[in-house]
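Presented below is the structure to which this report refers.
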Amino acid sequence: MRKFAIAAGALALSLVCFAGCAGGSGISEGVRINYSTGKESSKVYDRDLFYNNTNETVIADPGVVYVSEEESEEYGGWYYMYGTGSSASYTTGDSNLYAFQCFRSKNLVDWQLAGAYDKGYSLMFTSSDWVSLTSENIWAPEVIYNPSDGKFYMYFSAEAKSSATESGATAAFDKLYLGIAVGDTPVSFRVLGSESPVTTADNGIITGGDIPIDFERAYDCGIFSVIDADPFLDDDGELYLYFNKHTDSNPNTPSLQGVWGMKMKDFVTPDYSTLSLICSPNVVSAEGGLSEEGKPVVESLGESYSFSEGSVNEAPFMVKYDGKYYMTYSANGYSSPSYSVHQAISDDPLEGFVKPQTTDGNPVLASNNAYVAGTGHHSIVRAGDDYMIVYARMGNPSNYAMGWIRIAGVDQLLFTQNAAGETVLTSNGPSYTLQPLPESISGYQNVAESATITVSDGEGAEYLNDGLIPYYVFTEDRMYTGKTGSQITLSWDTPVSLNAIMVYNTDNYDDAFKNIRSVRIYFAQTPSWASRDYLFGVMENVAFPEEYLVDGALMQGAAAVMSFDEVKVNRIVITLGEKFEEYDAMGNPNETIVIPEIVCLGKEG
């Protein structure tokens, strides 16, 4: 019997027969199953099956990478997360500056400090390096593994010493450059060239005192501050680097703010001639690159974008799927509750990117409410076949001035089609309620996806197991609509092992269910815990958790959860129960109940 992490949720079999024995066969029809809701509190829940974004790992601008055991025998099998920040705010005692606390996790939820330097930091600067040792402006690290040399490369942005810059600028935001650090492990890095000079693909020499990516010198364009480096290794072996143009005092560069990209000749050598504008704030498309004089320019801007982005497109992260390139980025500033993740899509890694409008696929991740806000600056990682987005959210959504206190969150990403048939990214989040762990982490898959679903009445049954929980405008109609007493049947040709059922609720209070009248689980074989043979087990009057009601609305992505000891099943029947609200705003009866998704956690075969 699988043991739950929640003592109060321990299971017991209630041997209540729901009908007499059938035809003298000795098989009673049904037995009541006691179940757990999967959690005792927001902090105590069954970590074998679920995760909950109420964990509080404080981090900004998380850069996450999975290290396989093939890449590192000692450090493999973990996710590593690096965040903005340095030790400039306290004395290290050894005259060095440390940056980017490094965490590691097996499940993308529970993180522990792992950096090799003081206080869990992963990168060390010394007085001979180009970075200012008094700087707080050391931001947004991302790490990538180089299969050619077996080393880990960290790309980041930092404030340089005035002496290291061509302009000799003194203002902090005029001295923001992209840096590179190298490590033999994912927990310990040193500045490129600091331990021994590095020869670039152009036969240049980089030491720790040299800024490795320097647009001022490359384009002779004056002050050119940049942040948020994102390396992307394409499946053809080509490496690209994306970043965003930061505000600075150069009067010739304000129009250049947005996400830019270029090809790399190798892991340390930019191909400055390939500079290209990827996306620009408040327009669906933009084109730009180098003028005839070799200066960065914006050549054209497309139509207006339907989501207000302020003046910011930043924090790029590139994903390739089915031959297309998905540039995900953040809009609005990090201290805004509207800080959010969006996408622009192209067939080419450096040009032709177009943002879907809000009716067609954007935003990818956004929230501005009492419990989750400011969900931006992210990384995307694979967990088996699942894509997961790791992002920062406001630690205090009700106090926007405290937006600099940010906490890690994680949710599932999906590729789905919009109404025009275009494949776009969307997320089942940002969530603040119990969610299923990826199969590669828990070992339990959503077997509902392989079920045949029929309903007694209503419309939209095909959406009940499509894997998508509608958070955004372009998916808002992908839900089943029934009523009290409607029955939803999931059946399998080949029996499946089942451990939990999640019935998701709509966030629309008027159409939400208050409880589920019953869930019947038809056994393919008698459970090992049963005292006799039964046709089915039943759970009755399953309540939707009232803790998910906030200010007269329901949290998005919230489900009624039933977790129980493993049973082999071939069919389940869910009967919808009461509603929270039986009448609409005009006092007319409203029978509608909306169910976005049903998840059944178990194992095939």
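Reckoned from all heavy atoms, side chains included, excluding hydrogens, waters and symmetry mates.
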Check: [X]/[Y] side-chain N/O donor and acceptor closer than 3.5 Å:
X      : Y      : result
Ser431 : Asn53  : yes
Asp61  : Tyr391 : no
His342 : Thr328 : no
Thr426 : Thr416 : no
Arg406 : Tyr334 : no
Asn369 : Ser367 : yes
Asn508 : Thr506 : no
Asn52  : Gln435 : no

Under 3.5 Å, is there a donor-acceptor pair between the side chain of Ser440 and the main chain of Gly384? yes
Is a donor on one side and an acceptor on the other found under 3.5 Å between the side chain of Thr475 and the backbone of Arg478? no
Would you call the rings of [X] and [Y] parallel, tilted or perpendicular, where under 30° means parallel and over 60° means perpendicular?
X      : Y      : value
Tyr242 : Phe232 : tilted
Phe215 : Phe243 : tilted
Tyr145 : Phe152 : tilted
Tyr66  : Tyr79  : tilted

Using every non-hydrogen atom in the two residues, find where Ile223 and Thr253 come nearest and quote the distance to one decimal. O-CG2, 4.1 Å
Check against side chain to side chain donor-acceptor pair (under 3.5 Å), Tyr272 and Lys263: CA-CA 8 Å; Tyr272 290 110; Lys263 184 180 287 189; over 6 Å; no
As a test of understanding, state which of Asp228, Leu123, Leu178, Ile227 forms a side-chain contact (heavy atoms from CB on, under 4.5 Å) with Phe156. Leu123
Give me each pair satisfying side-chain hydrogen bond (donor to acceptor under 3.5 Å, both in side chains) with a member in residues 273-298, each pair once, sequence neighbours excluded. Asp271-Ser273, Ser291-Glu293
